[in-house]
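In what follows, a single structure is set out as structure tokens and then discussed.
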Amino acid sequence: MSAVMITRKVRKWEKLPGKNTFCCDGRVMMARQKGIFYLTLFLIIGTCSLFFAFECPYLAVHLSPAIPVFAVLLFLFVMAMLLRTSFSDPGVLPRALPEEANFIEMEIEAANGNVPSGQRAPPRIRNVQINNQIVKLKYCYTCKIFRPPRASHCSICDNCVDRFDHHCPWVGNCVGKRNYRYFYLFTLTLSLLTIYIFAFNIVHVVMRSVDQGFLNTLKETPGTVLEVLVCFFTLWSMVGLTGFHTYLISLNQTTNEDIKGSWSGKNRGQNPYSHKNIIKNCCEVLCGPTYPSVLDRRGLMQEDSPAAANSEGPCSFDNPVAQTTKTTAPLIPNEHTPDDIKPSIAAEKSSGPKDDQPPAAMQPPLASPETDAETSIAKNQ
Amino acid sequence: MFHNLQDMQHTASLVTKVFIQRDYSEGTVCRFQTKFPAELDNRIERALLEQTVKTLNSYYVEAEKVGGQSYLEGCLACATAYIVFLCMETRYEKVLKKISGYIQEQNEKIYAPRGLLLTDPIERGMRVLEISVFEDRGSSGSSPSSSMSSCSTAR
């Protein structure tokens, strides 16, 4: 072992598994692919800049100065909602630490009994009854937990997310329990902003054409054409999306459940999470409590030395046995294991002859994430 | 018997951890099962653990209540584009602080003297209530060998 002492304080976000990127020392959390998010930013800021540059001076003088003022407020609100959706933790469930994972494995083995060799182990499912409806909780092989109801594993971010709605590339993040209302308000206010800019573009062109003629108007404000084009296409998709999510909220369903048809068709009217009242459902989703993040990103990692450093993180006296860096790596190395952890896992395995994971812990085709319909849909989105 | 948390932390060795799972029978609200784990049979009285779990559950109900105060908080925050959350503590966060204080107090008064330690569920993603079981040095080397097979690192 090298004698070099690492004295830099390591924050927990640096060791979190999953495919997220973090900025501002753990305060900002996003997905890995951010290209489309930058496109979203460019389109919104670009179109609004053109509006403020070309249309607003004319409209402020000839109609009312309230028009640009309201546009500015709407724009700022849209940006605030977009950044909140993109930068916040959607409700990621941290992976199980080894002790918890082992405990669950033991419970599963006890429940399954003896599986004859050569036979595939039964799928890992727990049934719970919620409001007189049986809900199946699936086991996540990556996170080593039984997913809570409505949670789902996002294969793009490689995390289980609570109340998973969908992974949105336009905002560069998953949409889940913690940021769904910001996402909804973003789609709603962006629709309003698009309609607003589109409408006032038309008004501006009409008013100016009366004075100067249509072609001269376009020559003087070339930005108008671009704005109208962008707004026209954005309008239909945003209004449609807002309408769809309004429908989902009134039924207290997630996009994920809607796609899988969990509570439609022959299961219609059996959603156990719905209050059967549109107002109550809307209030719960939009005005419910703001859930805190359970992912401790900015806490300090404990030093992996015998004299444990006095860390400011919350976990100051648990895990006296566990090694901090290894707790975040899966017990079985898979394609997501960071390369520097693999040798230590191999060393652990070879030194412990009792370390025989049951075959069911390897990914059986029946319940592996890749064959799971929900994750393949999340990939396609 | 242990005098306090500090003693236990430094001198005791961990035997096993017991996990109390979430109770989803009432939906997705945060609630823990009050079923008593068999491993703690001779370590703590049922009533005490049940009382702790019930109190925790009532704290979570208070935090997640959808009512007048949460609407007010939601509407006010929305009107300010949620910027107010940068300076204000939400009700949920306030309750979480109370919970953390409660767990600390329970550990000091009830669990540490019995060689147990509760971990705040927020540190485990609100999935489980983890109870660490430490070797009971008060009794003469009586840790049954069966408990060592469930020791975390031995798999």
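Every chain is numbered from 1 and lettered A, B, ... according to where its sequence line falls, protein lines coming before strand lines. Side chains included, hydrogens not; waters and symmetry mates left out as well; all remaining heavy atoms used.
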**Q.** B:Cys30 portion near chain A, given a 4.5 angstrom heavy-atom threshold
**A.** neither
Q: Nearest 0.5 Å please: distance from the CG atom of A:Asp162 over to the CE atom of B:Met126.
A: 9.5 Å
**Q.** B:Glu64, part contacting chain A, at a heavy-atom distance under 4.5 Å
**A.** both
Q: Please state whether the side chain, the backbone, both or neither of B:Glu39 comes within less than 4.5 Å of a heavy atom of chain A.
A: side chain
Q | Closest-packed option against chain B by number of heavy-atom pairs under 4.5 Å, given A:Arg163, A:Glu284, A:Lys280, A:Met81 | A | A:Met81
Q: Would you mind telling me which of B:Ala77, B:Ser100, B:Ser70 has the largest number of heavy-atom pairs within less than 4.5 Å of chain A?
A: B:Ser70
Q | Taking every non-hydrogen atom, the tightest pair across B:Arg127 and A:Leu93 | A | NH1-C, 4.5 Å
Q | Which atoms of A:Arg181 approach chain B - backbone, side chain, both or neither, heavy atom under 4.5 Å | A | side chain
Q. Side chains of B:Arg124 and A:Leu97: does their closest heavy-atom pair fall under 4.5 Å?
A. yes
Q: Verify the neighbour count for atom NZ of B:Lys94: are there more than 12 heavy atoms of other residues, nucleotides or ligands below 6.0 Å?
A: yes
Q | Closest heavy-atom pair and its distance - A:Phe103, B:Val18 | A | CE1-CA, 4.3 Å
**Q.** Enclosure of A:Ile278 CD1 (heavy-atom neighbours >12, cutoff 6.0 Å)
**A.** no
Q: Taking atom CD1 of A:Ile279 as the centre, report whether more than 12 heavy atoms of other residues, nucleotides or ligands fall under 6.0 Å from it.
A: no
Q | Heavy-atom closest contact (A:Phe77 atom, B:Cys78 atom, distance) | A | CE1-O, 3.2 Å
Q) What pair of heavy atoms forms the shortest contact from A:Pro292 to B:Leu96, and how long is it? A) CG-CD1, 3.3 Å
Q | Atom pair CG (A:Asn102) and NZ (B:Lys17), whose distance is rounded to the nearest 0.5 Å | A | 11.0 Å
Q) What part of A:Phe146 gets closer than 4.5 Å to chain B, counting heavy atoms only: side chain, backbone, both or neither? A) neither
(Q) Quick check on A:Gln129 against chain B: is it the side chain, the backbone, both or neither that has a heavy atom closer than 4.5 Å? (A) backbone
Q. A:Leu76 versus chain B, heavy atoms under 4.5 Å apart: side chain, backbone, both or neither?
A. neither
Q | side chain to side chain contact (heavy atoms under 4.5 Å, CB included) between B:Val128 and A:Glu100, intermediate numbers included | A | CA-CA 9 Å; B:Val128 288; A:Glu100 190 188 335; 3.7 Å; yes
Q.
Less than 4.5 Å to any heavy atom of chain B: does that hold for the side chain of A:Pro94, its backbone, both, or neither?
A. both
Q | Segment of B:Leu72 engaging chain A (4.5 angstrom heavy-atom cut-off) | A | neither
**Q.** Atom group of B:Gln21 that falls short of 4.5 Å from chain A, counting heavy atoms
**A.** side chain
Q. What do the steps show when you test A:Thr290 against B:Glu93 for side chain to side chain contact (heavy atoms under 4.5 Å, CB included), and what is the final call?
A. CA-CA 9 Å; A:Thr290 40; B:Glu93 285 165 356; over 6 Å; no
Q: Check whether A:Leu185 gets within reach of chain B through its side chain, its backbone, both or neither, counting any heavy atom under 4.5 Å.
A: side chain
Q.
Looking only at heavy atoms and a cut-off of under 4.5 Å, which of B:Tyr71, B:Tyr92, B:Tyr82 has the most pairs with chain A?
A. B:Tyr82
Q: Identify which part of B:Ala63 has an atom lying under 4.5 Å from any heavy atom of chain A, answering side chain, backbone, both or neither.
A: backbone
Q. With a 4.5 Å heavy-atom cut-off, do B:Val66 and A:Pro289 have their side chains touching?
A. yes
